[in-house]
Amino acid sequence: MKPLLFSVAFLLAQIPMKLFAQNEANYDESKVPALILPDPFVSEKGFLIKSQDDWEKVRRPEIFDLFESEVYGILPKDFDKISFEVVSEKSNPYPDIAELEEVNIIVTRNGKSHTMRINLFLPKDKKTPTPIVLLINYLPAYPEGKLVDEAFWPVPELIKRGFATASFHAETVAPDLNETFLDGIISTLYPEQIGKANGMKAYGAWGWGAMRAMDYFSQHPKINSEKSVLVGHSRTGKAALWTSANDPRWAITYANESGCGGAAISRRKYGETVEAINTRFPYWFADNFKKYNGKEETLPIDQHMLPGLIAPRAIYYSSAKGDQWADPKGEFLGIKLGSRVYSEIYGKKVEFPDEFESLNSPIHQESVGYHRREGKHDLTWGDWEIFLEFVQKNL
Ligand code: GTR
């Protein structure tokens, strides 16, 4: 139960600052600065990028390097050994429909090892390998042999629809606290990252965890890892996006209400700003990201360039009207503008409406999707239901 106490203490510690930051934030559209955004289609040397080849060989690597050094920090890919151990510690809450695998993933590098845990549910008695949905979770989703929240991680619904589904608690790789985030894989496996301005932080670590889960799926005879869906909400939505930019094995990436440093355009400074997020969560992003506190317009990239790192693989964002802190309009613009790589470079059929305010139905296009719903900041069964319609068309 320690991780749960940790998280509660963490949440309590954040409340006064959170209210302060949210009260100070701009929620007035007329005060949003005119958007002058870096062009995804002009290379650093000034060449116009039109072909897939130029995109993949020139511009995508440039943009990736900038996100890595200036925003998220390095996500190291090397290690010496990985092994998997299936344990049986908790009871299976869905014995009629699913098999449960509790898996320890043991990774060794330079003589040191780290063990992370994933929980995986597989549809019972299925004869063919199944698609997989992985949720990066910031709570221990499955602490006492029952699900904390069946709307947040709808295991039975996913199983009924023919998916295998897994989740891991972000803290199984790096604690979600400024004082202790190094205590997981960063100090054990990648100590050389510590203190570097572009070094690995929590997002690099959580993304690394998702990649190790994928290592497990891709050797599993009951899983079709080519049909894989990566899901994150809010802070883990940001982590999901950075993971997928690093790891092309994910077929569909879904970031729900990922807001500042995720889906939303930073230059809008609407709701949570770069300074607000770096002040409250200094251990999430690379130290370099702090250079842009209050100076978003000097960022060499912005979040509309992130979907292009995932293209042509499918991407999906969603927002909630009551979650103004995450800037729903900035999230919509992030994917609308980001989808240009899908249409202009990869020839996908994507067309986003210009009008955001009057938007009242999901936008489900070829490999790109978005919805906005009523209500507050949360990943709900309603979000999953709409998203799964997109999955059905795009997986
Ligand atoms: C908010 C934070 C966001 C978001 C969220 C969450 O308070 O400001 O950036 O990540 O928390 O993860 O729930």
Side-chain angles (χ1 to χ4, degrees), residues 3-4 6-27 71-73 135-141 148-149 151-153 167-171 173-178 181 201-207 209-210 230-243 253-286 289-290 292-294 296 302-303 306 317-331 334 375-380 383:
L4 189 60
F6 237 163
S7 305
V8 171
F10 160 74
L11 287 174
L12 289 175
Q14 300 306 317
I15 286 172
M17 266 204 317
K18 178 165 180 161
L19 291 178
F20 176 73
Q22 295 205 7
N23 290 340
E24 295 289 296
N26 176 44
Y27 296 112
V71 181
Y72 298 105
L135 171 69
I136 312 176
N137 216 315
Y138 52 73
L139 289 173
V148 170
D149 185 345
F152 195 82
W153 184 24
S167 182
F168 70 90
H169 181 200
E171 296 200 346
V173 278
D176 192 2
L177 202 62
N178 190 35
F181 77 100
K201 290 295 186 76
Y203 285 131
W206 299 343
L230 180 61
V231 180
H233 164 63
S234 202
R235 70 196 67 186
T236 71
K238 305 181 225 277
L241 293 170
W242 184 231
T243 306
T253 308
Y254 173 25
N256 181 60
E257 297 157 25
S258 62
C260 180
I265 309 258
S266 301
R267 278 169 172 76
R268 280 174 48 80
K269 305 184 192 188
Y270 184 102
E272 187 170 34
T273 59
V274 169
E275 180 166 15
I277 204 166
N278 279 332
T279 305
R280 290 173 55 226
F281 305 106
Y283 60 99
W284 279 0
F285 297 90
F289 197 38
K290 298 186 181 70
Y292 306 99
N293 286 354
E296 285 86 345
D302 208 321
Q303 299 305 117
L306 190 56
Y317 288 177
S318 48
S319 312
K321 286 189 186 166
D323 184 21
Q324 292 296 311
W325 179 240
D327 186 11
K329 186 168 184 179
E331 297 180 314
K376 60 180 178 54
H377 186 64
D378 195 4
L379 174 60
T380 66
D383 289 312

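In each ligand, atom 1 is the first atom listed, and ligand 1 is the first ligand listed. Numbers here are sequence positions counted from 1.
- Taking a cut-off of under 4.0 Å to the non-hydrogen atoms of Ile277, the atoms of ligand 1 that pass are 9 (O).
- Atoms of ligand 1 found under 4.0 Å from any heavy atom of Trp284 (numbered from 1 in listed order, with element): 9 (O), 10 (O).
- Within ligand 1, the atoms closer than 4.0 Å to a non-hydrogen atom of Phe281 are 2 (C), 8 (O), numbered from 1 in the order shown.
- When Glu272, Arg235, Arg280, His377 are ranked by how near their heavy atoms come to atom 12 (O) of ligand 1, first place goes to Arg235.
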| query | Stepwise, does the ring pair (Phe, Tyr, Trp, His ring centres under 6.0 Å) test hold for Trp242 with Tyr203? | reply | CA-CA 7 Å; Trp242 184 231; Tyr203 285 131; 9.5 Å; no
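- Neither the backbone nor the side chain of Thr236 comes within 4.0 Å of ligand 1, counting heavy atoms alone.
- With sequence neighbours excluded, the residues that form a ring-ring contact (aromatic ring centres under 6.0 Å, His included) with Phe289 are Phe285.
- Residues meeting the salt bridge (Lys or Arg N to Asp or Glu O under 4.0 Å) test with Lys321, sequence neighbours left out: Glu374.
- Inclusion of Lys238 in the set of residues having an N or O under 3.5 Å from an N or O of ligand 1 is warranted.
- Inspection of the Trp284 and Asn278 side chains reveals no N or O donor paired with an N or O acceptor under 3.5 Å.
- Within a 6.0 Å sphere centred on NZ of Lys376, other residues, nucleotides and ligands contribute 12 heavy atoms or fewer.
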